[in-house]
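Residues take their numbers from the sequence shown, with the count starting at 1. Note that these values count all heavy atoms, side chains included, but never hydrogens, waters or copies made by symmetry.
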Amino acid sequence: RCLAAMSDEEEFAESPLEGSDEDEAGADATQEADEDDNEDLPPNPLTEEHIKEGISLLCKVGNGISHAYVKLDVRDKQVTEINILNCYVHLRYVDVSENMLRDVSPLNNLTHLLTLKAENNLLQSIQLSPLPYLQSASFAHNRISTLEGFAQPLLEKLNVSFNHLTDVSGLQSEKVPNLHLLELRGNRLESLETVRLPTLKKLYAVGGFECWVLDLRRVVF
């Protein structure tokens, strides 16, 4: 049996709502990185060698007779695509942060995925189909400008801090019915009036030099 309560998985940092130098520096760094990464990048796909180095956590799968590795950490490999992962259907914990990815749709085949980290990439949108067990996802420090169409039925934690969001109207309660924690710090938010998430318990949202101090009883219905 897999002892996969994932005590070693870090939860999103629950930092105060007040604006900070770190928030402003993070937003500036994201903007500078965007400018540097506008040009076309030479292809650098994720390889079997990368996977061998980063795969771990052997667990029982399927009927309990077979075993497979279910955790993959391929941070900071400078890869531009992860198409090879669509064959690794037993993965449950995936970290593809600090790469140069513009597309995470190969992960759509990973129907057992529980946690996903795709921070510090070049994503402009989140191209994920609904995954039946995904509970925690972080897309911080990308170039995401919309959450339109984003739907994950069991998702509890979502971090989209330090992106290009001006509103969150695309995030709809019927598509994320179990969302408890939402991080929006370091975006270009003009308002939080579009937040309509009845299950939300914690919301972190510092936009630019403005600090949005939230009364969830007013903004969440």
Side-chain angles (χ1 to χ4, degrees), residues 2 4 6 9 11-12 43 45-47 50-51 54-55 57 59 61-62 68-75 77 79-165 167-184 187 194-200:
C2 176
M6 294 310 291
E9 286 292 317
E11 293 190 353
F12 300 145
L46 189 69
T47 65
H50 293 135
I51 293 172
I55 203 162
L57 195 60
C59 293
V61 296
Y69 289 103
V70 300
K71 183 179 179 182
L72 180 66
D73 184 341
V74 286
R75 289 173 294 174
K77 303 297 182 184
V79 297
T80 57
E81 56 98 337
I82 52 173
N83 293 342
I84 192 173
L85 291 185
N86 61 19
C87 298
Y88 287 79
V89 296
H90 296 298
L91 286 174
R92 301 176 191 172
Y93 312 99
V94 172
D95 191 343
V96 292
S97 300
E98 299 173 47
N99 284 293
M100 296 180 288
L101 302 176
R102 291 191 168 104
D103 179 19
V104 291
S105 62
L107 302 178
N108 286 335
N109 279 2
L110 277 55
T111 55
H112 298 282
L113 196 62
L114 296 175
T115 68
L116 170 62
K117 290 185 179 180
E119 302 170 356
N120 286 286
N121 279 286
L122 305 177
L123 302 175
Q124 296 183 6
S125 61
I126 304 172
Q127 317 94 332
L128 277 184
S129 300
L131 297 170
Y133 304 113
L134 186 64
Q135 298 173 21
S136 176
S138 180
F139 303 96
H141 293 277
N142 276 282
R143 299 154 67 172
I144 297 166
S145 59
T146 179
L147 296 174
E148 197 67 41
F150 183 75
Q152 297 297 336
L154 290 187
L155 192 70
E156 296 181 356
K157 300 177 183 179
L158 176 63
N159 187 347
V160 285
S161 296
F162 302 105
N163 277 284
H164 294 179
L165 295 167
D167 65 59
V168 290
S169 57
L171 204 58
Q172 301 173 10
S173 60
E174 63 271 20
K175 294 183 177 180
V176 283
N178 291 289
L179 193 64
H180 295 165
L181 184 153
L182 176 60
E183 290 213 34
L184 294 168
N187 278 286
T194 56
V195 177
R196 297 292 185 269
L197 301 168
T199 58
L200 203 62

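Using modelled atom types, one side-chain atom of Asn99 and one backbone atom of Ser97 make a donor-acceptor pair closer than 3.5 Å. Not one N or O on the side chain of Asn109 forms a donor-acceptor pair closer than 3.5 Å with the backbone of Val89. Using modelled atom types, no side-chain atom of Ser125 and backbone atom of Gln127 make a donor-acceptor pair closer than 3.5 Å. Between the Asn159 side chain and the Phe139 main chain, no donor and acceptor come within less than 3.5 Å of each other. Side-chain N or O atoms of Asn121 include one that pairs as donor or acceptor with a backbone N or O of Met100 at under 3.5 Å. Judged purely by atom type and a 3.5 angstrom limit, Ser129 has no side-chain atom pairing as donor or acceptor with the backbone of Asn108.
Among all heavy-atom pairs drawn from His112 and Tyr133, the shortest one is CA-CD1, 4.1 Å. Here the shortest heavy-atom pairing between Lys157 and Leu179 reads N-CD1, 4.0 Å. Residues Glu183 and Leu181 share a closest heavy-atom pair of CG-CD2, 3.7 Å. For the residue pair Pro177 and Thr199, the shortest heavy atom distance occurs at O-CG2, 3.0 Å. Here the closest non-hydrogen pair linking Asn187 and Phe162 is ND2-N, 3.8 Å. Considering all non-hydrogen atoms of both residues, Pro130 and Pro153 come closest at CB-CD, 4.1 Å.
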Can you give the donor-acceptor pairs under 3.5 Å from side chains of residues 79-87 to other protein atoms, not counting sequence neighbours?
{"unit_1": "Thr80", "atom_1": "OG1", "unit_2": "Asn44", "atom_2": "N", "d": "2.8"}
{"unit_1": "Glu81", "atom_1": "OE1", "unit_2": "Asn83", "atom_2": "N", "d": "2.8"}
{"unit_1": "Glu81", "atom_1": "OE1", "unit_2": "Asn83", "atom_2": "ND2", "d": "3.4"}
{"unit_1": "Asn86", "atom_1": "ND2", "unit_2": "Asn83", "atom_2": "O", "d": "3.2"}

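The side-chain heavy atoms of Leu197 and Val176, taken from C-beta on, include a pair separated by under 4.5 Å. Using a 4.5 Å cut-off on side-chain heavy atoms (C-beta onward), Arg143 and Leu122 make contact. Here the side chains of Ile144 and Leu165 are in contact, with some heavy-atom distance below 4.5 Å. A heavy-atom distance below 4.5 Å is not found between the side chains of Gln135 and His180.
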Check your understanding: Does the side chain to side chain contact (heavy atoms under 4.5 Å, CB included) test come out yes or no for Phe150 and Leu158, once each step is laid out?
Key -> CA-CA 11 Å; Phe150 183 75; Leu158 176 63; 3.9 Å; yes

**Study point:** Derivation of the side chain to side chain contact (heavy atoms under 4.5 Å, CB included) call for Leu72 and Leu91
**Key:** CA-CA 7 Å; Leu72 180 66; Leu91 286 174; 3.9 Å; yes

Point to revise | From CA spacing to verdict: side chain to side chain contact (heavy atoms under 4.5 Å, CB included), Leu184, Val160 | key: CA-CA 6 Å; Leu184 294 168; Val160 285; 3.5 Å; yes

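With rounding to the nearest 0.5 angstrom, the CG atom of Leu155 is 7.0 Å from the OG atom of Ser136. Between the CG atom of Leu57 and the CZ atom of Arg92 there is a distance of 7.5 Å, given to the nearest 0.5 Å. Within the model, atoms CG of Leu131 and CG of Leu107 stand 8.0 Å from one another, a figure rounded to the nearest 0.5 Å. Note: Thr115 OG1 to Leu134 CG = 8.0 Å, rounded to the nearest 0.5 Å. In this structure, His141 NE2 and Glu98 CD are separated by 10.0 Å, a value rounded to the nearest 0.5 Å. For the atom pair Leu110 CG and His90 NE2, the distance stands at 10.0 Å (nearest 0.5 Å).
Paired with Asp95 under the rule salt bridge (charged side-chain N to carboxylate O under 4.0 Å, His left out), one option of Lys71, Arg75, Lys77 passes, and it is Arg75.
With sequence neighbours left out, Ser169 forms a side chain to side chain donor-acceptor pair (under 3.5 Å) with Asp167.
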